[in-house]
Amino acid sequence: MVEGDVPAGLDLCRAAGWNQTADDWELFLKLSPAGCRVAVDEDGKVRGTVATVRYEDHFSWIGMVLVDPSMQRQGIGIQLLRESLQVLCEEGTVKLDATPAGRKVYVQLDFEDEYPISRMEIKKMSDKFGQVSAARFTRDIDMPMLLEHDRQVFGANREKVLNSMLERSPQYAFVAEDKKGIKGYCFGRVGHHFSHIGPVIAQDLETAKNVAAAALRNCAGSPVVIDVLQHSAEWLQWLSSIGFKEQRPLIRMYRGTNAYPGIPGNQFAVLGPEFG
């Protein structure tokens, strides 16, 4: 995949009802200029895509597996997956987020379940949502300490991705802290169909609610999704109480050693299936 393929990638996103924008595709190409692939027909038209991202030497990610609806069930998707695994053949661990239907394919490629995720959705964030939050906007000066913390929780350095989120959608980037330092933070981005809040990283439930509430206040009047881990029933109940409903389940999966799992208990929401 090259920069000239971005419009075709966007066309496939729109056909699938996906949320990604040109900024997302350009970030994939920036992160992995030789690691994104397109499937083309005999006329050179892009019919499918897959993107890969390496997070240090800890693990790599597969996302954006898209196939033209008119060309599905012809083996293009599985070929793209095999191509991405060939790109990442020297990696100790490869991860992805799967739908229940997709999981059946990934299991055949030696992927294993890590933990479940729920995509939670609200059609229109209330403009009356006013939960008090002690979180403040994230500043550039916060990033070195935040990234050090994030590396432990996520399991690898994703500085370029989080810096992109801060630059693109600073209205959704919040941090909570105490005298000892950072307790939690969140980011978000504006997509084609909805705003996507995540990741939400926190030492405890109240901090997760604080940073998420601060971001959600800036989503008033807009549709929002958040991809949440299921380790806290209280977290899911809080999201439900403000109007979120489960849109679909996802399963985080890995292939290989999974030597750097991070700290899932401090991850309340992930960045998204495309980035991890």
Side-chain angles (χ1 to χ4, degrees), residues 23-24 27 31 53 55-56 58 61 117 120 122 125-127 129-191 194-220 222 224-229 231-232 234-239 241-242 244 260-276:
D23 285 337
D24 292 308
L27 180 56
L31 294 169
V53 179
Y55 289 114
E56 300 183 284
H58 290 191
W61 204 266
I117 295 170
M120 305 289 285
I122 190 167
M125 192 68 210
S126 173
D127 56 7
F129 179 70
Q131 177 165 325
V132 176
S133 171
R136 61 165 175 79
F137 281 115
T138 300
R139 304 165 299 188
D140 290 341
I141 196 172
D142 297 316
M143 291 302 288
M145 185 177 294
L146 187 153
L147 289 166
E148 181 180 345
H149 185 78
D150 188 76
R151 189 173 187 268
Q152 297 176 22
V153 176
F154 179 61
N157 188 317
R158 51 178 170 176
E159 177 179 1
K160 292 180 180 179
V161 177
L162 294 185
N163 278 334
S164 175
M165 299 301 112
L166 179 61
E167 180 180 353
R168 287 163 52 183
S169 299
Q171 70 273 27
Y172 299 147
F174 285 86
V175 63
E177 56 194 344
D178 59 17
K179 294 180 180 180
K180 295 181 180 180
I182 290 175
K183 292 188 65 180
Y185 49 92
C186 77
F187 292 85
R189 54 198 152 121
V190 177
F194 46 77
S195 292
H196 193 151
I197 301 302
V200 177
I201 307 294
Q203 294 178 5
D204 53 65
L205 173 63
E206 288 306 311
T207 302
K209 290 162 61 175
N210 266 328
V211 293
L216 291 170
R217 280 205 307 272
N218 288 341
C219 296
S222 302
V224 183
V225 301
I226 181 168
D227 294 329
V228 303
L229 278 71
H231 58 70
S232 171
E234 293 83 359
W235 168 241
L236 294 170
Q237 289 166 4
W238 178 73
L239 288 168
S241 74
I242 60 177
F244 279 89
Y260 299 94
I263 310 173
N266 290 157
Q267 297 185 58
F268 287 80
V270 300
L271 178 56
E274 62 274 69
F275 290 109

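Atom CD1 of Ile182 and atom CD of Glu148 lie 9.0 Å apart (nearest 0.5 Å). Rounding to the nearest 0.5 Å gives a distance of 10.5 Å between OG of Ser222 and CG of Asp127. Cys219 contributes atom SG, which lies 9.5 Å from atom CD1 of Ile226 (distance to the nearest 0.5 angstrom). Atom OG1 in Thr207 sits 11.5 Å away from atom CD in Glu177 (nearest 0.5 Å). Between Ile201 atom CD1 and Gln152 atom CD the span is 11.5 Å, to the nearest 0.5 Å. Distance check: Tyr55 OH to Leu31 CG gives 6.5 Å after rounding to the nearest 0.5 Å.
The two residues Gly276 and Trp61 have their closest heavy-atom pair at CA-CZ2, 3.3 Å. In terms of heavy-atom proximity, Leu27 sits nearest to Ser164 at CD2-OG, 3.7 Å. The two atoms that bring Leu216 and Met125 nearest to each other are O-CG, 3.6 Å, heavy atoms only. Of all heavy-atom pairs spanning Ser195 and Tyr172, the tightest one is OG-OH, 2.9 Å. Summarising the geometry of Ala208 relative to Val200, their closest heavy-atom pair is O-CG1, 3.9 Å, with the distance given to 0.1 Å. In terms of heavy-atom proximity, Phe275 sits nearest to Arg189 at CE1-NH1, 3.9 Å.
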| So Arg151 and His58, side chain to side chain contact (heavy atoms under 4.5 Å, CB included) or not? Walk me through it. | CA-CA 11 Å; Arg151 189 173 187 268; His58 290 191; 3.5 Å; yes
| field | Steps toward side chain to side chain contact (heavy atoms under 4.5 Å, CB included) verdict (Asp150, Phe187) | value | CA-CA 12 Å; Asp150 188 76; Phe187 292 85; over 6 Å; no
| message | Working note: Arg136 + Asp142, criterion side chain to side chain contact (heavy atoms under 4.5 Å, CB included); need CA distance, chi angles, decisive distance, verdict. | response | CA-CA 11 Å; Arg136 61 165 175 79; Asp142 297 316; 2.8 Å; yes
| What do the steps show when you test Phe194 against Ile122 for side chain to side chain contact (heavy atoms under 4.5 Å, CB included), and what is the final call? | CA-CA 9 Å; Phe194 46 77; Ile122 190 167; over 6 Å; no
Which atom pairs, one a donor and one an acceptor, fall under 3.5 Å between side chains of residues 262-269 and the rest of the protein, sequence neighbours left out?
| residue | atom | partner | partner atom | Å |
| --- | --- | --- | --- | --- |
| Asn266 | ND2 | Ala202 | O | 3.3 |
| Gln267 | NE2 | Val153 | O | 3.1 |

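Using a 4.5 Å cut-off on side-chain heavy atoms (C-beta onward), Asp140 and Leu166 make contact. Between Asp24 and Arg168 the shortest side-chain heavy-atom distance falls below 4.5 Å. You'll find the side chain of Leu162 reaches within 4.5 Å of the side chain of Pro199, heavy atoms only.
The backbone N or O of Asn157 sits less than 3.5 Å from a side-chain atom of Glu56, completing a donor-acceptor pair. Using a distance-only test at 3.5 Å, with no hydrogens or angles considered, no donor-acceptor pair links the side chain of Asn218 to the main chain of Ala215.
The closest side-chain donor-acceptor pair between Tyr185 and Thr138, if any, does not fall under 3.5 angstrom.
A side chain to side chain contact (heavy atoms under 4.5 Å, CB included) with His196 is found for exactly one of Asp227, Leu271, Val190, namely Asp227.
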